[in-house]
Amino acid sequence: MAELTYRDAVSRGIAQELANDPNVVFLGEDVAGAGGVFKATTGLLEAFGPKRVRDAPISEQAILGAAMGAAMTGLRPIAEIMFSDFLAVCWDIIANEIAKSRYMTAGQMSFPLVIRTANGGGSRFGAQHSQSVENWAMAVPGLKVVAPSTALDTIGLLAAAVRDPDPVIFFEHKSCYPMKFDVPDHDGDIVDELGTAKVVREGTDVTIVALALMVHRALDAAERLAGEGISAEVIDVRSLVPLDTATILGSVAKTSRLYTVEENPRLCGWGAEIASIVAEEAFWDLDGPVIRITTPHVPLPAADSLEDATIPSVERIVETIAKTAPN
Amino acid sequence: MAELTYRDAVSRGIAQELANDPNVVFLGEDVAGAGGVFKATTGLLEAFGPKRVRDAPISEQAILGAAMGAAMTGLRPIAEIMFSDFLAVCWDIIANEIAKSRYMTAGQMSFPLVIRTANGGGSRFGAQHSQSVENWAMAVPGLKVVAPSTALDTIGLLAAAVRDPDPVIFFEHKSCYPMKFDVPDHDGDIVDELGTAKVVREGTDVTIVALALMVHRALDAAERLAGEGISAEVIDVRSLVPLDTATILGSVAKTSRLYTVEENPRLCGWGAEIASIVAEEAFWDLDGPVIRITTPHVPLPAADSLEDATIPSVERIVETIAKTAPN
Amino acid sequence: MTTMPSYSEYGNHDPVLPDPVDPANAELPIDVDTRLTLFRLQQEIRLFEKRAYDLFLRGLVKGTSHLSLGQEAIAAGFGAAMRPDDWTFATYRGHAHTLARGVPMTPVLAELLGRANGLLGGKGGSMHLTSVEHGVMGSYAIIGAHLCVANGAAWTAQYNDTGQVAVAFFGDGTTNIGAFHEAVNFAKVWNLPTVFVCENNLYMEYTSIGHVAPVPNPAADRASAYGLESIVVDGNDADAVYTAAIAALDTARNGGGPSLIEAKTYRHGGHSRADPGKYRPDEEVAAWMDRDPIPMYHQRLLGLGVDEGRLSAIATQTAAAVETATQEAIDGPLPDLASIYTDVWADGGWQWRN
Amino acid sequence: MTTMPSYSEYGNHDPVLPDPVDPANAELPIDVDTRLTLFRLQQEIRLFEKRAYDLFLRGLVKGTSHLSLGQEAIAAGFGAAMRPDDWTFATYRGHAHTLARGVPMTPVLAELLGRANGLLGGKGGSMHLTSVEHGVMGSYAIIGAHLCVANGAAWTAQYNDTGQVAVAFFGDGTTNIGAFHEAVNFAKVWNLPTVFVCENNLYMEYTSIGHVAPVPNPAADRASAYGLESIVVDGNDADAVYTAAIAALDTARNGGGPSLIEAKTYRHGGHSRADPGKYRPDEEVAAWMDRDPIPMYHQRLLGLGVDEGRLSAIATQTAAAVETATQEAIDGPLPDLASIYTDVWADGGWQWRN
Ligand SMILES: Cc1ncc(C[n+]2csc(CCOP(=O)(O)OP(=O)(O)O)c2C)c(N)n1
Ligand SMILES: Cc1ncc(C[n+]2csc(CCOP(=O)(O)OP(=O)(O)O)c2C)c(N)n1
Ligand SMILES: [Mg+2]
Ligand SMILES: [Mg+2]
């Protein structure tokens, strides 16, 4: 059992995949020489050389275009987009090209590529460097969407993403980078499976579905709710596409109450999708309203005091559930 | 009472606003000299001159940047992005700049601008020229989002959008352009109100919520359902942000059953948002599952036979409701 | 006082007339077989597209379509010059480039008709023609993106040291979009074997390029911004295009990095099927019709002593091929509706949940 | 054989040394009052930013922050040259440009500390400084966009014929992004009064611009692509910057259209607070520290016969202003949490539903 930060898990995951397959290549801005602005890719250039780990100009469209063209011709690129907010400058390549080209060409091409990006708030960076935009990616057919909450999941899901034959948008949470996690000793590569949610805490009264940083808050909230006599089951969604609805519906069948905890702003978030699936398919299981706990539908403010009061907090989760759940 | 196409309603709406306020200006690709590739802006150059109606290079970021900078300094620009799919090439300007700058500057700036764009399928243009992406815009705090279904609404909502002090993304439906509508004679300008849904057909058994082209299909479906003894109320949402939840919740309180008919692909659509609102706030009103009828979560195929079977059709709406609704 | 640029009236701007043909191009060291290939490719594209246009008029082609009538020499010149394992990246105006790489007519035409025997089973349509087997790595309908994508294929060639080259075609209007800048710059910085070919047909959709670009040669005048040579060729002369193509492909293959070529040309019809092209001065249209690449090339070959019979045989064979393709396309069945749900993912399906 | 460009080791590339100061700049026809303003502005920015850095170290500035230490002459040169009603568009590295337009220190510093008396009430932070009242039309943290936005303000000036000019500042690395190309091109096509100022400090974040741009002057060498003149100035010499600014502003004001200016400079510290800047060759850092714009300008003024007393008085006043601002910022209250829900819309609120 070793202790590993989420940040180091990223570089370990990339290193594992570079070692595993000579067709895996990695590119991005300041990722090689500098080891990444979050220091999540240090050592890769030294270990794998400039042919496989390559710095790019500030040209996100060119970066993802290169990843796409390389993928269709046999490489397996990992591309970094420094902050997920910047997906907006290359959204055409992602949403219109990478996502659709396999379908449009009737399967002539494959796009085994991964776009890694730093997502989420908590760093006091303001509205243009703190967004949670996993719902943007989920809304586009043809993209797989993953967001790990722990170091082990980061390695395993990143490996699964790299080995997957389809394009995966891989959201790393900025506020998780410094977190430390136990990673069990392991023989050989760590490879997880896309499309699998995890019940990270069992419970019987309510189901809380969360993602990335929010998983940790949901777990803390569940602990506090236990003190108030509410038994909460917590599910780490991990993969928005493919989505493990079976695990979610299974839990709701047991608890009859669903809460989602989302960092993305309220409208059209992944929580709305899951709430809608449950409201359609598990309607008769439900004993009460489906409640979404989200960042309000505002851009994120920069000041620490304001940011902390905007993103869902443990307190807000506890209060919302305590106020509305049966116990 | 005059007959007007939806296409001509666009140019009439723009002309009305150019005439109403000398600060209104209009720019886009091929919009001036050519009158627009959909011929929805013909005659404007001739009527208002090249200073107010201006052709731009193929530079969507520059176009929307110009609109944004002009809006913050006192003009009221209307910018055309030819197809809504192309919002992806300028998504940064929309989602990160226009949407957030008022908030980030604590209200120092206003962005009274309208981005008009041709949305939706039915033209056999394939996956990159047929998308319905109103949900992309709805997901971003700071944007207002409007999508008219008739000629009268097009004029009135476009006018309301131009006169609104906030940025509005105005989705015109390509398949509506050739449709003819009666427009009542009217003294003075036609100006509607954002954030107001319309009950376009009253009914008692089920509520169908639809947008743009889907409103017409929902109305046809309601007619056919009436023949099967199901009384459907049809709501034209018209404005996704602000959203007239009162009208929707009011209808559900009456019918106890909600169906959404969406052209955007299934995941994280506006239907998911409305379904989630209802599943939370009108849970006790509901007599059965909330059902979303959507384009499946695939890119759109080009062939006419395939496209028609992908986007929600009258038949699919009727069948889905007939199979699941009480009567 | 700030002033607006003077606004020349729509359809009434100064005509842009073609340069006279350079007689030296007849002397270029190109063997007769290659020249016959160039002739045949131009014929095939011309007759195919005329037929495609007829089929629009008959209501058989349902979506939009963008023809290269008048621009065939460019696709032909590159088609003849490229190695079979080189890669083409085309735009929505991609019929010509698809055929020029050897893709048979039937699946291309059937795709335009939305049939199951279409190149993409009807899922892509006219704007997205792709045949990986022939190195046609897609036709892209949103301006600019594919220039970036072409670099990725070039990167694979560089990574695997295969000597393959990625060639991306695009229009004059495309030089104004950000992705153009990023792509050409990136190719140079990474020294990639990418050849960027601007088909300058003087118009974006309906707006004269002179209204929306501040330099007379929208691609060539920007080459120096990327440390590249400025190259302008006569895009209506297949020999000139072929020669420039060979040079750029060689440079790329040999580690010399990217090139940016501007080929001057003109489309005979409108931008797309919806467009009658009325914004073009009559005199301009007439002058360019006189510079039609195909009769011109026909004359050149005769002048070089090629037998008229060989040329008319090519024309006849091509016409027959177009007939066959027409029949096979029209006879093609409609796609199975189940195909809506295939090929989102590499496993062949579309499932996004369990 | 295709080859990769040779890879010079990180932090070990050839140092890029500054040119010697051009003594002719001392002779530029700039009056003493203006020169004193230039001196004062540089002092203010320097002392303010040093204090901001101290406050990071004390943990009072919570987010990130990008300093202009070493680059002050550019902001000062333009600040002194611009008309009060001209518009500035800055980047995340925007403290200098904000102060140079006359925005008081207290609200700027309070914003960095996330206080209610901050320029944006704490909602924007260091990267988004804005003061419409002073013509500071925003600081933008995503590369490229604001160049496009500046054109819009310039369009308003052109439309209303006010003679105002929009000035957009950006870095060398930014010249590689698509929005740069679109913006400069668009400004020229529309003949807008926009002045684009590239502060070439030789690095994007941590990567040398030489690694990622194929031309030695990433802005100036691209000017001709937009039909613009190539302009390089010494960005560490306030007089040179001021002179170039006046010329470009005059051109823009008088209907002559946009300019693109490249000012060569160097940042003394890292890219942002998180960065120790270790990727820069020692020799390079040392040479540029010797070219610090402030002592250099101090010497120039003494050489021009300005009394040392006047200069030290400016320094003293500035230091006092920084002390006051520090105290006022630290004493500032935290923002009201209700402000989370204000100013999404022009009505002051955030409601998206009824
Ligand atoms: C990003 C984007 N903007 C606008 C369009 C609409 N559009 C399609 S073709 C075209 C003109 C392209 O002109 P050019 O590059 O000269 O190519 P040509 O069509 O003349 O071959 C435009 C504006 C588009 N497809 N993508
Ligand atoms: C679109 C985008 N890509 C990447 C970044 C991350 N980033 C912030 S500053 C910077 C370097 C910018 O370099 P330059 O333009 O030279 O400006 P400087 O910071 O040196 O002033 C980068 C890559 C960003 N903010 N936006
Ligand atoms: Mg063209
Ligand atoms: Mg720099």
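In the text below, chain A, chain B and the rest are named by the order of the sequence lines, each starting its count at 1.
Both the backbone and the side chain of D/N176 have a heavy atom closer than 4.5 Å to some heavy atom of chain C. Heavy-atom distances place no part of D/A223 under 4.5 Å from chain C, backbone and side chain included. There is no contact between D/F186 and chain C, counting heavy-atom distances below 4.5 Å.
Under the side-chain hydrogen bond (donor to acceptor under 3.5 Å, both in side chains) criterion, no residue pair touches residues 242-252 of chain D, with sequence neighbours excluded.
Highest contact tally toward chain D, considering only C/P218, C/P214, C/P216, C/G227, is held by C/P214 [criterion: heavy-atom pairs under 4.5 Å]. Interface remark: of the candidates C/N185, C/N217, C/V215, C/N185 forms the most heavy-atom pairs closer than 4.5 Å to chain D.
Below 30°, between 30° and 60°, or above 60°: for C/H181 and D/H181 the angle between ring planes is below 30°, a parallel geometry.
Contacts from residues 130-151 of chain C to chain D, taken as heavy-atom pairs separated by less than 4.5 Å, involve no residues at all.
Scored by the side-chain contact (heavy atoms from CB on, under 4.5 Å) test, C/E229 finds C/I231 as partners (sequence neighbours excluded). In this view, C/Y92 satisfies the side-chain hydrogen bond (donor to acceptor under 3.5 Å, both in side chains) rule with no residue, not counting sequence neighbours.
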